[in-house]
S.K.: 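First, the structure itself, so that you have it in front of you.
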Number of protein chains: 2
Amino acid sequence: MQNKRQLLVETALQLFYQHGVNSIGINEVIKHSGIAKKTLYNYFASKEELVLATLAERHQRFINWLTAQLSDCHSNRELAEKLFSGLDLWFHNKADSLGNFRGCFFINTAAEFGDPSSAIHQACLQHKRAVEALIAAHMPQPNTALLSLLCILKEGAIVCAYVNHQPDAARQSLQALLPLLHD
Amino acid sequence: MQNKRQLLVETALQLFYQHGVNSIGINEVIKHSGIAKKTLYNYFASKEELVLATLAERHQRFINWLTAQLSDCHSNRELAEKLFSGLDLWFHNKADSLGNFRGCFFINTAAEFGDPSSAIHQACLQHKRAVEALIAAHMPQPNTALLSLLCILKEGAIVCAYVNHQPDAARQSLQALLPLLHD
DNA sequence: ACAAAAGGAGACAGAGTTGTCTACTCTAAA
DNA sequence: TTTAGAGTAGACAACTCTGTCTCCTTTTGT
């Protein structure tokens, strides 16, 4: 029954995202999921593997959400509007599938696992690359400079919303960006 | 002899910034500084106090550096240029007083200590507020929308440079920003 | 129905952590 | 010179965390 595994990943993702990976021990995941430790170690060889599975789950969920947000863009301006409107919803806890906003799981986790050669850090990097590629794929008029700017503003808005307690950062970004986009 | 305390803070800051606070134990700080554990606990009641002291040290150092970078701005455009040129130097390890670039110590530490009520998280928030105030103080033509944008771009550039291995993020930000600024 | 696999509960080993404490050494001032 | 304060070295207690293992129960496939 593979939904034990799914339940473990879901529980761990929730806890890791809300409190940080290093603050949550295996026993906490056990307790909250109601699954035995032995079962966990049946599915995952180590905590690191569980963490990687939660990153993969979050990655897929975020990509799905973002894909839905960015559908049907007919101009770069529309793309920017949809991107930052989506972020704005997320920051205000109106993006159900992303859970309670606590910054970017990948930025936070990369900060906890600083060694760039670690598998966890690499997974965070790969996520960011994939998101950039997804935005690029939804760009009607390819423009690498604009792509970079969107990504930088996106990361900045996430950090400001989280660390700086500035949940309107996405809207502010969009307001500042719009005068640049005339197409 | 208070330079024992200073040496402890400096050693801890270096280690915490390079590897993350939770990855570095007290014993590591002891070993690298050559100072006895008892002496450390003479100056600091707990590891948390040592962490707060390193945050304060880094804060002062960053504020000093940024103040120097932003001196003598006669227009908002010049302010933006100086800000992102400074960040560009930092990302390329050419800002001596900030050490080897490993992202923003405060963003990273806030990610490790996610509980917003913890003293450590609060210190990170206060730093961000102080930096925003410093930028505001160097703005010849007050403009709160631009101030927000500068801060969001700054955070985004730091995250992209670090997590995304994109050290030119500051230059890209500036290039994108310049068309907006005509004064 | 019954054997085999999967799961539950939790004890336990081993490593690592913070923080305390003791015993010894060095230094600086009276 | 001697005495008090500061520092050193490191053992140690108390705790936490990961990962293993055992014993027992439940579920599942044939």
Side-chain angles (χ1 to χ4, degrees), chain A residues 1-57 108-109 111-115 117-121 123, chain B residues 1-57 108-109 111-115 117-121 123:
Chain A
M1 197 185 284
Q2 277 298 92
N3 43 10
K4 297 269 172 183
R5 192 195 133 102
Q6 188 58 27
L7 178 57
L8 281 168
V9 171
E10 225 140 293
T11 308
L13 172 54
Q14 179 69 15
L15 292 169
F16 288 162
Y17 179 48
Q18 290 302 317
H19 304 97
V21 173
N22 283 324
S23 300
I24 295 295
I26 288 294
N27 292 318
E28 206 85 14
V29 179
I30 300 307
K31 204 197 308 172
H32 278 77
S33 63
I35 288 175
K37 197 184 280 194
K38 182 166 190 207
T39 308
L40 188 153
Y41 280 100
N42 266 355
Y43 289 113
F44 305 98
S46 64
K47 184 184 180 183
E48 185 181 29
E49 272 198 16
L50 176 61
V51 174
L52 289 170
T54 64
L55 288 169
E57 173 71 24
N108 295 348
T109 304
E112 289 198 75
F113 296 81
D115 179 3
S117 66
S118 82
I120 291 177
H121 196 101
Chain B
M1 201 185 281
Q2 277 299 90
N3 43 12
K4 298 268 172 184
R5 193 195 133 100
Q6 188 58 27
L7 177 57
L8 280 168
V9 171
E10 224 140 294
T11 308
L13 172 54
Q14 179 70 13
L15 292 170
F16 288 162
Y17 179 48
Q18 291 302 317
H19 304 97
V21 172
N22 283 324
S23 300
I24 296 295
I26 289 293
N27 293 319
E28 206 86 12
V29 179
I30 300 307
K31 204 197 308 174
H32 278 76
S33 64
I35 287 174
K37 196 184 279 195
K38 181 158 194 217
T39 308
L40 187 153
Y41 280 99
N42 266 356
Y43 288 112
F44 305 98
S46 63
K47 184 185 179 183
E48 184 181 28
E49 272 199 16
L50 177 60
V51 174
L52 289 170
T54 63
L55 287 169
E57 174 72 25
N108 295 348
T109 305
E112 289 197 77
F113 296 81
D115 179 2
S117 65
S118 82
I120 290 177
H121 196 102

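If you're wondering where the values come from, they're calculated on a predicted model, not measured in any experiment. Letters A, B, ... are given to chains in the order of the sequence lines, protein chains preceding strands, and every chain is numbered from 1.
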S.K.: Please give, in whole Å, the distance from D/dC21 P to A/N42 CG?
M.R.: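 It is 13 Å, rounded to the nearest whole Å.
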S.K.: Please report, rounded to the nearest Å, how far the C1' atom of C/dG10 is from the CG atom of A/L40.
M.R.: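 After rounding, the gap between these two atoms is 15 Å.
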S.K.: Do you know which two heavy atoms are closest between B/K47 and B/V21, and how far apart they sit?
M.R.: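 Answer, listing the atom of B/K47 first, then B/V21: NZ-O, 3.2 Å.
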S.K.: Within this structure, what is the CG-to-P distance between B/L7 and D/dG7, rounded to whole angstrom?
M.R.: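 Result: 12 Å.
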S.K.: Could you state the CG-C1' distance from B/N3 to D/dA6, rounded to the nearest angstrom?
M.R.: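 Rounding to the nearest Å, CG of B/N3 and C1' of D/dA6 are 13 Å apart.
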S.K.: Could you tell me the separation between the CD1 atom of A/I30 and the C1' atom of C/dG7, rounded to a whole number of Å?
M.R.: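 Distance, rounded to whole Å: 12 Å.
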S.K.: Considering the terminal five base pairs at each end of the helix from C/dA1-D/dT30 to C/dA30-D/dT1, what angle separates the two local helix axes, rounded to 10°?
M.R.: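 End axes: 10° apart.
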S.K.: Would you give the length of the straight line joining atom CD1 of A/I30 to atom CG of A/L40, rounded to the nearest 0.5 angstrom?
M.R.: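 The CG atom of A/L40 is 4.5 Å from CD1 of A/I30, to the nearest 0.5 Å.
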S.K.: Using a cut-off of 4.0 Å between protein heavy atoms and nucleotide atoms, how would you tag nucleotides 14-21 of chain C 5' to 3' with B, S and -?
M.R.: ----BBBB
S.K.: Could you measure the distance from the CZ atom of A/F44 to the CD1 atom of A/I26? Nearest 0.5 Å is fine.
M.R.: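 These two atoms lie 9.5 Å from each other.
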S.K.: Please check the phosphate of D/dA6 (OP1 and OP2 only) for any side-chain N or O of B/T39 closer than 4.0 Å.
M.R.: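 Checking B/T39 against D/dA6: no side-chain N or O falls below 4.0 Å of OP1 or OP2.
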S.K.: With rounding to the nearest 0.5 angstrom, report the OG to CD distance, B/S33 to B/E10.
M.R.: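 Answer for the OG-CD pair, B/S33 versus B/E10, is 11.5 Å.
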S.K.: How many angstroms lie between OG1 in B/T11 and CZ in B/F16, if you round to the nearest 0.5 Å?
M.R.: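 Going from OG1 on B/T11 over to CZ on B/F16, the span is 10.0 Å.
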S.K.: Does OP1 or OP2 of C/dA6 have a side-chain N or O of A/Y43 closer than 4.0 Å?
M.R.: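 No, no such contact exists.
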S.K.: Going from CG on B/L15 to NZ on B/K31, what distance comes out if it is rounded to the nearest 0.5 angstrom?
M.R.: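 One finds 10.0 Å between CG of B/L15 and NZ of B/K31.
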S.K.: Mind listing the closest non-hydrogen atom pair of B/T54 and B/V51 along with its distance?
M.R.: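 For B/T54 versus B/V51, the nearest heavy atoms are OG1-O, 2.6 Å.
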S.K.: Measure CZ/A/R5 against P/C/dA5 and give the value in whole Å, please.
M.R.: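 Going from A/R5 (CZ) to C/dA5 (P), I get 21 Å.
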S.K.: Determine yes or no for a side-chain-to-main-chain donor-acceptor pair under 3.5 angstrom, with B/T39 supplying the side chain and B/I35 the backbone.
M.R.: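 Pair absent, no side-chain N/O of B/T39 close to backbone of B/I35.
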S.K.: I need the NZ-C1' distance between A/K4 and D/dT26, as an integer number of Å.
M.R.: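 Distance, rounded to whole Å: 10 Å.
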S.K.: Quickly work out the A/I35 CD1 to C/dG8 C1' distance and round it to whole Å.
M.R.: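 About 11 Å, once rounded to whole Å.
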S.K.: About how many Å separate CG of A/D115 and CD1 of A/I120, when rounded to the nearest 0.5 Å?
M.R.: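 Output value for this atom pair is 10.5 Å.
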